[in-house]
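It should be emphasised that the depicted structure is a prediction, and the values quoted were computed from it without experimental measurement.
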Amino acid sequence: MSELTELSYALDTFYFLICGVLVMWMAAGFSMLEAGLVRSKNTAEILTKNIALFAIACTMYLLVGYYIMYSSAEGGFLPNLGFLLGGENSVDAVLAGGDDAPYYSMRADYFFQVVFVATAMSIVSGAVAERMKLWAFLAFAVVMTGFIYPVSGYWTWGEGWLDAAGFSDFAGSGIVHMAGAAAALAGVLILGPRKGKYGKDGSIYAIPGANLPLATLGTFILWMGWFGFNGGSELKVSDVDSANNVAQVLVNTNAAAAGGVIAALILAKIWFRKADLTMTLNGALAGLVAITAEPLAPSALSAALIGAVGGAIVVASIVGLDKLKIDDPVGAISVHGVVGIWGLLAVPLTNGDATFGAQLLGIIAIFAWVFAASLIVWLILKAVMGIRVSEEEEYEGVDLAECGLEAYPEFSVAKK
């Protein structure tokens with residue numbers, strides 16, 4: 001390598017790693033958001049889920065996930081499962097000791113990808129909150145992060161058949177966010193709603209979160225982490241064009257989030273006659289999810305409009321899913337799933353190389369695979385170990401039932 005090439009390699013590798021660190025910080029955002037939107041009696045358990053799922057995701061992706069996603073044949077449908085026959089099954093089997101990518105270390109690529117799979121699993125956590133057994137959730141995390149996510153990841157970013165068909169998803173509106181929502185939806189349908197959420201006469205009862213300042217902090221952390229999520233997906237920064245692209249991606253990401261906030265806030269005021277904070281927070285996340293599929297091609301104003309549509313969609317979706325008695329305590333299915341679909345469909349509006357046909361094919365394929373595979377896993381877990389806590393444990397809170405401690409013990413009445 002020349003000195004200039006070595007400097008570019010070092011800079012791009014460093015940039016990629018720092019973006020991965022920002023995405024890792026999103027785990028804190030999901031933890032704070034979910035902890036704020038559940039009741040105080042369930043806070044310690046959901047925090048336990050979030051740190052445990054991150055560790056499981058990192059380990060499973062190291063052992064098999066990255067191998068499945070990036071060692072398989074180009075344009076193919078079935079991933080490489082050679083490790084089942086006694087072959088290598090770790091990240092090193094793919095990297096083969098080679099930091100020989102043209103402009104960054106392949107180990108930086110692995111690090112960036114592993115925090116993405118953790119993000120997909122974090123989406124599931126909030127949707128099944130307050131009534132799922134901790135160990136059933138963690139068992140599902142093993143399968144989701146080690147096998148389900150990597151297969152559809154291979155079809156797309158791993159240069160499989162969806163990539164060959166022209167499916168376009170810059171940073172993962174569908175590959176990460178919709179996939180996580182599909183797994184969450186399957187779990188919620190099997191799990192059922194929280195006790196007291198829906199009346200026999202069709203009434204819907206709000207179950208407020210315990211700590212909205214914490215939820216707001218979580219949203220800002222996610223907003224910040226998203227700059228790494230989308231900015232890192234440009235993959236390099238060491239030349240003029242790439243640097244300009246990164247700047248455009250970050251500007252558009254920020255504009256979309258702002259558009260989502262404004263649209264959700266206005267729609268909530270019109271619809272509910274109140275400036276609903278939880279809808280506004282979800283509006284920010286919806287704007288971010290919407291622009292993730294294509295944060296480079298749009299102008300900043302177009303990005304704001306794409307985010308605004310996402311912000312409006314998420315309000316309508318949360319209300320609609322409630323009417324269908326699909327209980328999602330944090331709105332994860334709406335934010336990441338419904339708006340993820342919108343983000344994918346918006347790509348051809350600004351990217352002339354994308355087509356609606358290829359986008360629809362990708363939406364159907366990813367959703368169908370993740371939902372069906374997750375449904376099977378959830379049903380197996382239900383039969384083998386059960387996935388829902390008892391009615392008494394749900395009433396007392398899963399903190400005590402699953403963790404043996406409470407996040408806010410001073411709020412509880414001591415038992416004699």
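- Screening Val309, Val289, Leu288 against Val339 for a side-chain contact (heavy atoms from CB on, under 4.5 Å) leaves a single residue, Val289.
- Judged purely by atom type and a 3.5 angstrom limit, Gln359 uses its side chain to pair as donor or acceptor with the backbone of Leu344.
- One N or O on the side chain of Thr59 and one on the backbone of Ala55 form a donor-acceptor pair closer than 3.5 Å.
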Derivation of the side-chain contact (heavy atoms from CB on, under 4.5 Å) call for Phe112 and Cys19: CA-CA 7 Å; Phe112 189 68; Cys19 285; 3.9 Å; yes
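- Looking at Lys269 and Asp276, no side-chain N of the basic residue comes within less than 4.0 Å of a carboxylate O on the acidic one, giving no salt bridge.
- For the residue pair Ser317/Ser334, the side-chain donor-acceptor check at 3.5 Å is satisfied.
- Nearest heavy-atom pair across Ala183 and Trp378 is O-NE1, 3.2 Å.
- Judged purely by distance below 3.5 Å, without hydrogens or angles, the side chains of Glu294 and Ser168 never pair a donor atom with an acceptor atom.
- Glu45 CD to Leu405 CG: the interatomic distance, rounded to the nearest 0.5 Å, is 11.0 Å.
- In Phe272, the CZ atom is crowded: over 12 heavy atoms of neighbouring residues, nucleotides or ligands sit closer than 6.0 Å.
- Residues Val114 and Tyr66 are not in side-chain contact: their nearest non-hydrogen atoms beyond the backbone lie 4.5 Å or more apart.
- Panel note: side chain Gln248, backbone Pro298; a donor-acceptor pair is recorded below 3.5 Å.
- For the pair Lys325 and Asp322, the salt-bridge criterion is not met [side-chain N within less than 4.0 Å of a carboxylate O].
- Considering all non-hydrogen atoms of both residues, Pro348 and Ala354 come closest at CB-O, 3.8 Å.
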Sequence neighbours left out, cut at 3.5 Å: what donor-acceptor pairs do the side chains of residues 126-146 make with other protein atoms?
{"unit_1": "Glu130", "atom_1": "OE1", "unit_2": "Arg39", "atom_2": "NH2", "d": "3.3"}
{"unit_1": "Glu130", "atom_1": "OE1", "unit_2": "Arg194", "atom_2": "NH1", "d": "2.5"}
{"unit_1": "Glu130", "atom_1": "OE2", "unit_2": "Arg39", "atom_2": "N", "d": "2.9"}
{"unit_1": "Glu130", "atom_1": "OE2", "unit_2": "Arg39", "atom_2": "NE", "d": "3.1"}
{"unit_1": "Glu130", "atom_1": "OE2", "unit_2": "Asn42", "atom_2": "ND2", "d": "2.7"}
{"unit_1": "Arg131", "atom_1": "NE", "unit_2": "Gly192", "atom_2": "O", "d": "3.1"}
{"unit_1": "Arg131", "atom_1": "NH1", "unit_2": "Ala127", "atom_2": "O", "d": "3.0"}
{"unit_1": "Arg131", "atom_1": "NH1", "unit_2": "Ala129", "atom_2": "O", "d": "3.0"}
{"unit_1": "Arg131", "atom_1": "NH2", "unit_2": "Gly192", "atom_2": "O", "d": "3.2"}
{"unit_1": "Arg131", "atom_1": "NH2", "unit_2": "Asp327", "atom_2": "O", "d": "2.8"}
{"unit_1": "Lys133", "atom_1": "NZ", "unit_2": "Met385", "atom_2": "O", "d": "3.0"}
{"unit_1": "Thr145", "atom_1": "OG1", "unit_2": "Ala141", "atom_2": "O", "d": "2.7"}

Verdict with reasoning, Glu394 to Arg388, per salt bridge (charged side-chain N to carboxylate O under 4.0 Å, His left out): CA-CA 9 Å; Glu394 185 177 348; Arg388 183 161 185 150; 2.9 Å; yes
Trace of the side-chain contact (heavy atoms from CB on, under 4.5 Å) decision for Ile175 with Phe116: CA-CA 10 Å; Ile175 298 167; Phe116 269 52; over 6 Å; no
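- Contact record, Ser203 with Asp201: OG-OD1, 2.7 Å, taken as the closest heavy-atom pair.
- With rounding to the nearest 0.5 Å, the separation of CZ in Phe356 from CD1 in Ile363 is 10.0 Å.
- Using a distance-only test at 3.5 Å, with no hydrogens or angles considered, a donor-acceptor pair links the side chain of Lys41 to the main chain of Tyr395.
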CA sep, side-chain torsions, deciding dist, call: Ile190, Leu375, side-chain contact (heavy atoms from CB on, under 4.5 Å): CA-CA 8 Å; Ile190 299 298; Leu375 193 69; 3.7 Å; yes
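- Within a 6.0 Å sphere centred on OH of Tyr110, other residues, nucleotides and ligands contribute more than 12 heavy atoms.
- Between the side chains of Ser242 and Asp239, at least one donor-acceptor pair of N or O atoms lies under 3.5 Å.
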Let me check something: any side-chain donor-acceptor pairs from residues 255-262 under 3.5 Å, sequence neighbours excluded? List them with distances.
none

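- Rounding to the nearest 0.5 Å places CG of Asn245 at 10.5 Å from CG of Asn252.
- Remark: side-chain polar atoms of Asp163 are not paired, donor with acceptor, to backbone N or O of Trp157 under 3.5 angstrom.
- A ring pair (Phe, Tyr, Trp, His ring centres under 6.0 Å) with Trp161 holds for exactly one of Trp369, Trp155, Phe167; it is Trp155.
- Heavy-atom contacts from other residues, nucleotides or ligands closer than 6.0 Å to NZ of Lys382 number 12 or fewer.
- Without hydrogens or angle criteria, Glu234 side chain to Gly231 main chain gives no donor-acceptor distance under 3.5 Å.
- Taking the six-membered ring where tryptophan is involved, the planes of His177 and Phe229 are tilted, since the angle between them lies from 30° to 60°.
- Contact detail for Asn50 and Ser122: the closest heavy-atom pair is OD1-OG, 4.2 Å.
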Working for side-chain contact (heavy atoms from CB on, under 4.5 Å), residues Ser374 and Ile148: CA-CA 8 Å; Ser374 298; Ile148 298 176; 3.9 Å; yes
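- Contact check for Met121 versus Tyr149: no side-chain heavy atoms found under the 4.5 Å cut-off.
- Here the closest heavy-atom approach between residue Ile123 and residue Ala184 is recorded as O-CB, 4.4 Å.
- Scanning both residues, Met24 and Val115, for their nearest heavy atoms gives CB-CG1, 3.8 Å.
- Under the 3.5 Å distance criterion, with hydrogens and angles disregarded, a donor-acceptor pair is assigned to the side chains of Ser302 and Ser299.
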Test log, rule side chain to side chain donor-acceptor pair (under 3.5 Å), inputs Thr292 and Trp226: CA-CA 9 Å; Thr292 294; Trp226 230 286; 2.7 Å; yes
